[in-house]
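Remarks on the structure that follows.
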Protein chains: 2
Amino acid sequence: MDAPRTRQQHREQVTDELMSAARRQLAQAGAAGLSLRSVAREIGMVSSAVYRYVDSRDDLLTRLIIESYDSLGAAAEHAASEHADSGDLDRWSATAAAIRRWSLDQPHDYLLLYGSPVPGYAAPQDTTTPGGRVPLALVSIVRDARTAGRLVPPVEADRAAPATLRVDFDRLAEVIDIEAAPAIMLATITGWTQMFGMIGFELTNQTRGVIDDHAGLFDATTRLTGWLIGLR
Amino acid sequence: MDAPRTRQQHREQVTDELMSAARRQLAQAGAAGLSLRSVAREIGMVSSAVYRYVDSRDDLLTRLIIESYDSLGAAAEHAASEHADSGDLDRWSATAAAIRRWSLDQPHDYLLLYGSPVPGYAAPQDTTTPGGRVPLALVSIVRDARTAGRLVPPVEADRAAPATLRVDFDRLAEVIDIEAAPAIMLATITGWTQMFGMIGFELTNQTRGVIDDHAGLFDATTRLTGWLIGLR
DNA sequence: AAGAATCAAGAGCAGTGCTCTCTTTTTGGT
DNA sequence: ACCAAAAAGAGAGCACTGCTCTTGATTCTT
């Protein structure tokens, strides 16, 4: 089964087994139920040995977080490019739906990213880049529509973006490489946060007994925010 | 210091001490860092003794959850009634701001309610009623504006509420005692979820390095969703 | 081939949730 | 007023956790 030649190969293989065992246990027991010892057990190691591959439990979680961010980011990007030829609103809605699908398929991963941070855990810098893929994928939809001149100017929502926000918006516009009116950026942020708020509520059963057709509701709210942005 | 007469009084007093010690530790270490033994220690008890007052750690958490829901619900209701004479949009925004304020003041409580559920923990029925106070407070703002005839019909957003949602919306309309067009309900739900999505992002540092003026952004998005509902 | 780096195992520490047993104290019924 | 029943607290103990340190075996480097 295994013929590990060089030491580096061996290390990579063990690390892979370790990570996928951890991923399995995360999917079952959630972040709080993830135990280094039980991961070690699953890959036939003693608990102290895994510390050769991982600094600590928090380190393991950080790696899982990065992996998850990348997975979700890839899903969003894939959906956005898959629907590049659709209508802008359809594209927005389809990408949102992909994000929701990913979250429902692996709720513990979603909660690892957007739920309670682990006790005493502060997300390190390494997570910011992969964490930005999702919002970037969403922004790119808006950007494409805008540069193509298809973005319908927002209806009277301009006064909703006060001057104090201009500073943030100007800097943000540089980062994400878009030159949009403040109202458009505001609406985009609104759509982005609404999306995740809704998914979070669905996952934590906040809408229990109130909503049955979650998919339909999600699509409706998503299209509403997309419309607000000016996507058609 | 203490002259506990009847046994019942004694029990209530100890329970109070226990809960407030738990609350203190929750505020510091978060839900995952909350330990029954350390709570016991703080109130000068041995760990096994606290099981006379609490069924399990999950039971303790459930009680904390209910307390927190009530606290947040009260904050929202207070803000809504405090601004009953303001403009509808101001009232909506002020209530949202109160919810955000509460969340920032006690982030661990917020995450206990809306973050990752505790491992193997399924929110019992007891939490649904207090959990509904916040959305009800928000809905009441919309209802008041509507019954007073001040609600501006939504701009062209009607087609965003598909027929399949009518079932949910009809049932929901009964529960929250409001007869509003589907588009209004959709926009209200959008505003509600957006609000919590935004707060969650701020608390989990999802907008780190991107946004400075969180208060301003929150107010802007809130007013935008309020405007979408038809509040003015 | 010798020395250095790496890996895995084992024992151990301090902490956790929870159960069971034992003793003391309070309560309520006769 | 007594006496059994109920309740409260303490202590020991089990199985688990993250993490450290030491020891022996293997592999790489020079």
If you assign each of B/Leu34 and B/Gln8 to its closest nucleotide in DNA chain C, which residue comes earlier from the 5' end? B/Leu34

d(CG, A/Leu60; C1', D/dT17) in whole Å: 14 Å

d(CD, A/Gln13; C1', C/dC7) in whole Å: 14 Å

Using a cut-off of strictly less than 4.0 Å, decide whether A/Arg52 has a side-chain nitrogen or oxygen near OP1 or OP2 of C/dT6. no

Looking at A/Ser35, does any N or O in its side chain come under 4.0 Å of the phosphate oxygens OP1/OP2 on D/dG18? yes

Find out whether B/Ser68 and B/Arg23 are in side-chain contact, i.e. whether some heavy atom of one side chain is under 4.5 Å from a heavy atom of the other. yes

Between A/Asp58 (CG) and D/dG18 (P), how many Å, whole number? 11 Å

To the nearest Å, give me how far apart CZ (B/Arg37) and P (C/dC18) are. 11 Å

Per A/Ser48 side chain, nearest of listed nucleotides D/dA10, D/dC21, D/dC19: D/dC21

Just N and O in the side chain of A/His10: are any of them under 4.0 Å from OP1 or OP2 of C/dA8? yes

Decide yes or no, distance alone: a donor-acceptor N/O pair under 3.5 angstrom between the base of C/dT27 and the side-chain of B/Arg7. no

Quick one: on DNA chain D, does A/Tyr51 or B/Ala49 contact a more 5' nucleotide (nearest heavy atom)? B/Ala49

Is a side-chain N or O of A/Asp213 found less than 3.5 angstrom from the main chain of A/Gly216, in a donor-acceptor match? yes

How is A/Ser47 classified with respect to the nucleic acid when contacts are heavy atoms under 4.0 Å: base, sugar-phosphate, or nothing? base

If the test is ring pair (Phe, Tyr, Trp, His ring centres under 6.0 Å), which one of B/Tyr114, B/Phe201, B/Phe196 qualifies with A/Tyr114? B/Phe201

Quick check on D/dG18: is either OP1 or OP2 less than 4.0 Å from any side-chain nitrogen or oxygen of A/Arg57? yes

Pick the nucleotide of DNA chain D nearest each of A/Asp55 and A/Ser38; which residue has the one closer to the 5' end? A/Ser38

Could you give the CZ-to-C1' distance, from B/Arg41 to D/dA10, as a whole number of Å? 15 Å

When you check the phosphate oxygens OP1 and OP2 of D/dA8, does a side-chain N or O of B/Arg11 lie under 4.0 Å from one of them? yes

Atom-to-atom span, CG of A/Leu61 to C1' of D/dT17 - whole angstrom: 14 Å

Is any side-chain heavy atom of A/Leu165 closer than 4.5 Å to one of A/Met185? no

note: B/Gln9, atom CD; D/dA8, atom P; distance rounded to Å ~ 14 Å

Atom pair distance, as rounded to whole Å: CG in A/Asp59 and C1' in D/dT20: 17 Å

Would you tell me whether A/Thr190 and B/Gln194 have side-chain atoms, one donor and one acceptor, within less than 3.5 Å of each other? no

Quick check on D/dG9: is either OP1 or OP2 less than 4.0 Å from any side-chain nitrogen or oxygen of B/Tyr53? yes

